[in-house]
Engineer: 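Mind looking over this structure? Questions follow.
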Amino acid sequence: MSDRPKRWHVAEPAPPDYIAALSDLPPVLAQVLYNRGYRDPAQARAFLEGRWDGPNDPFLLKGMAEAVQTIRRAIRGRQPIAIYGDYDADGVSATVVLAHALRAIGATGRIHIPHRYEEGYGVNAAALRKLAEQGVRLVITVDCGISSAREVAEAAEYGLQVIITDHHTPGLELPPAAAIINPRQPDCPYPFKDLAGVGLAYKLAQALLQTEDRGWKTEALGPPSSVPRPLSSDDLFDLVALGTVADVVPLRGENRMLVQQGLAQMRRAPRPGLQALLDIADIPPQRITARTLGYILGPRLNASGRLTHARYSLKLLMAETPAEARPLARQLNEWNRQRQHLTLQYTEAARQRVLAEGIAPLLFVASRDFLSGIVGLVASRLLDEFYRPAVVVAIEDGQSKGSARSIPGFHIAEALNACHDLFERHGGHAAAAGFTIRTERLPELQARLQALATAALGDHDVIRPLRIDAEPALADLTERLLANLARLEPCGQDNPPPLFLTRGLRVLDRRYVGRDAAHLQLRLTDGQEERRAVVFNHARITAHVPDRVDVVYQLAWNEWGGQGQVEMHICDLRPAQL
Ligand SMILES: [Mn+2]
């Protein structure tokens, strides 16, 4: 819980006929569905039951037919194909998805994942040239490439074809590729725009394997040594779920379906690499949730690319036996610990700078001490604490690398586009982006971004909104309600865990618990009912808890001491307004 002020917004109550139409559900759950935008009871039910009029036909993606044709032609001509991936969990998952699909249809070739520090983000000319020298005639990018017009044009000059699959916001100039698969490009009719990089790799895999099913099998002759394993695109759902959650794209529509399917598959039979990571974290596969992907598996798979090279994560996800997976998982776990340590250290240095220099509309911290693989995490932490767009830069001689995170109301990728003349390279989304810049241009960048943020957000205080779903009484907070709320899973980006407000509670008991007494445990009552509540990491926050409080919280199940009970996890707390 952060100590900065938050603005409480309680959702407008759903109309009585809506609640009545969903009378088999607890009213609190019906209200949550209404708040999530499912204003028609049938829609709400479909969301809850995971029914969905998908999956969408992959050929609705602009460029898909050309991509499939080009890939088939390369396979027929026995031309090696390269997959050009990215070094984050989304990019690595996408690489593995496409590798399995290509292998299954008899393609041969290579995989290239760039080195974050030696090559940088995206498609680089030297790597393309090297692939061509190795005999590759076709390169397929996953999770990158949309901002690499120059490199793709240059490759065409020496006869290297490129297919781009990328979900990042296209810039002004699209690369002259053989095909571009990106639902955000102009006039792509694909109905769902929020697939991750791995989601798009999956759609390409689906298209390739689907055309295979249409009886084109005879065209896909691999070399005699490679015996393609039979593969259904459904076998790849676990990887899709992993990259989708790790990349923090909205868990709605097609993504919700993909993540649900992937979680079910992982719980049944996790692939050896994921099983090995779960073993180290002591998590039984049956208990995997979207949070496990976001907070346990994702960070470990990201750690290799942040500190050394993402190929170790690639090898882990490709591992076919536990013996192969275990040492890799241990290594990733160790890198993740180092990553955590660096994140804490840099974040503390950055917040000291922010506090010393005054909190501007946009936070901008640049340092020679930062490693560029970590700056994005620091920007996230700054945003969490100060609720401002945050740009964090690792200064290096010559060229520096930065990472930005933003809040609603300030589209950071567009802000970077507006400064495009300053960058060597840049790209991203509304809420997260990155760039490479000549170091001497940093002061101008800071001034221009500051001006853009001031114009967009104004000088007034930007206060984090807490979107509260409902105001239940303590008596409503039951095991049955919690079980019903679980039907909203997988929760995450754009489908957050429900948030509740209960007013006028009396504090019966306060206890400091956990290491360094970091957490505060309360017993709360409304005069009739009593519930346990926890404020995690209260220290910087609630030095004094008054006797009567209004609390905003999520519901959780606590099984400590062998006895289960519903528990309130407090996100914000105020003296009761009587
Ligand atoms: Mn991505």
Side-chain angles (χ1 to χ4, degrees), residues 61 83-99 111-114 116 119-123 140-148 163-171 175 180-185 188 190 192-205 236-255 258-259 262 290 293-294 297-306 310 313-314 317 372-373 375-377 379-380 401 403-406 411-413 416 425-436 492-494:
L61 280 157
I83 302 172
Y84 197 117
D86 183 32
Y87 41 62
D88 70 0
D90 184 25
V92 172
S93 310
T95 303
V96 180
V97 163
L98 191 56
I111 290 173
H112 181 77
I113 295 188
R116 187 192 285 261
E119 297 171 73
Y121 174 77
V123 176
I140 310 171
T141 71
V142 293
D143 197 32
C144 68
I146 198 67
S147 57
S148 303
I163 293 171
I164 287 171
T165 77
D166 195 357
H167 68 130
H168 295 95
T169 308
I180 296 178
I181 297 173
N182 182 333
R184 296 178 185 277
Q185 68 183 309
C188 176
Y190 197 75
F192 186 70
K193 303 292 180 188
D194 290 325
L195 290 170
V198 73
L200 288 168
Y202 168 76
K203 297 314 283 190
L204 178 55
L236 303 168
F237 279 140
D238 61 332
L239 297 166
V240 182
L242 183 62
T244 298
V245 174
D247 223 48
V248 212
V249 292
L251 297 188
R252 289 172 167 258
E254 195 166 11
N255 284 341
L258 291 167
V259 172
L293 307 190
L297 301 180
R300 283 162 178 75
L301 289 162
N302 273 319
S304 61
R306 294 190 190 284
S313 297
L314 177 75
L317 291 183
S372 65
V375 292
L377 301 170
S380 290
K401 289 188 191 122
S403 196
R405 297 289 182 273
S406 194
H411 192 300
I412 190 67
L416 295 187
R425 166 191 297 287
H426 70 283
H429 308 284
F435 57 83
T436 305
Q493 186 68 13
D494 269 26

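In listed order, ligands and their atoms are each counted from 1.
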Engineer: Sequence neighbours excluded, which residues qualify as ring pair (Phe, Tyr, Trp, His ring centres under 6.0 Å) partners of Y190?
Structural biologist: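 So Y190 forms no ring pair (Phe, Tyr, Trp, His ring centres under 6.0 Å) with any residue.
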
Engineer: Can you name the residues that form a ring pair (Phe, Tyr, Trp, His ring centres under 6.0 Å) with Y202, not counting sequence neighbours?
Structural biologist: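 Counting only residues at least two positions away or on another chain, Y202 forms a ring pair (Phe, Tyr, Trp, His ring centres under 6.0 Å) with F237.
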
Engineer: Could you please give the number of protein N/O/S atoms within less than 2.8 Å of the Mn ion (ligand 1)?
Structural biologist: 4

Engineer: Measure the shortest side-chain to side-chain distance between I113 and L314 over non-hydrogen atoms and say whether it is less than 4.5 angstrom.
Structural biologist: yes

Engineer: Is there a salt bridge (charged side-chain N to carboxylate O under 4.0 Å, His left out) between D194 and R184? Walk through the geometry before answering.
Structural biologist: CA-CA 9 Å; D194 290 325; R184 296 178 185 277; 2.8 Å; yes

Engineer: I would like to know whether K203 and E254 meet salt bridge (charged side-chain N to carboxylate O under 4.0 Å, His left out); could you show each step before the answer?
Structural biologist: CA-CA 11 Å; K203 297 314 283 190; E254 195 166 11; 2.7 Å; yes

Engineer: Identify, with sequence neighbours excluded, every residue that meets ring pair (Phe, Tyr, Trp, His ring centres under 6.0 Å) alongside H411.
Structural biologist: none

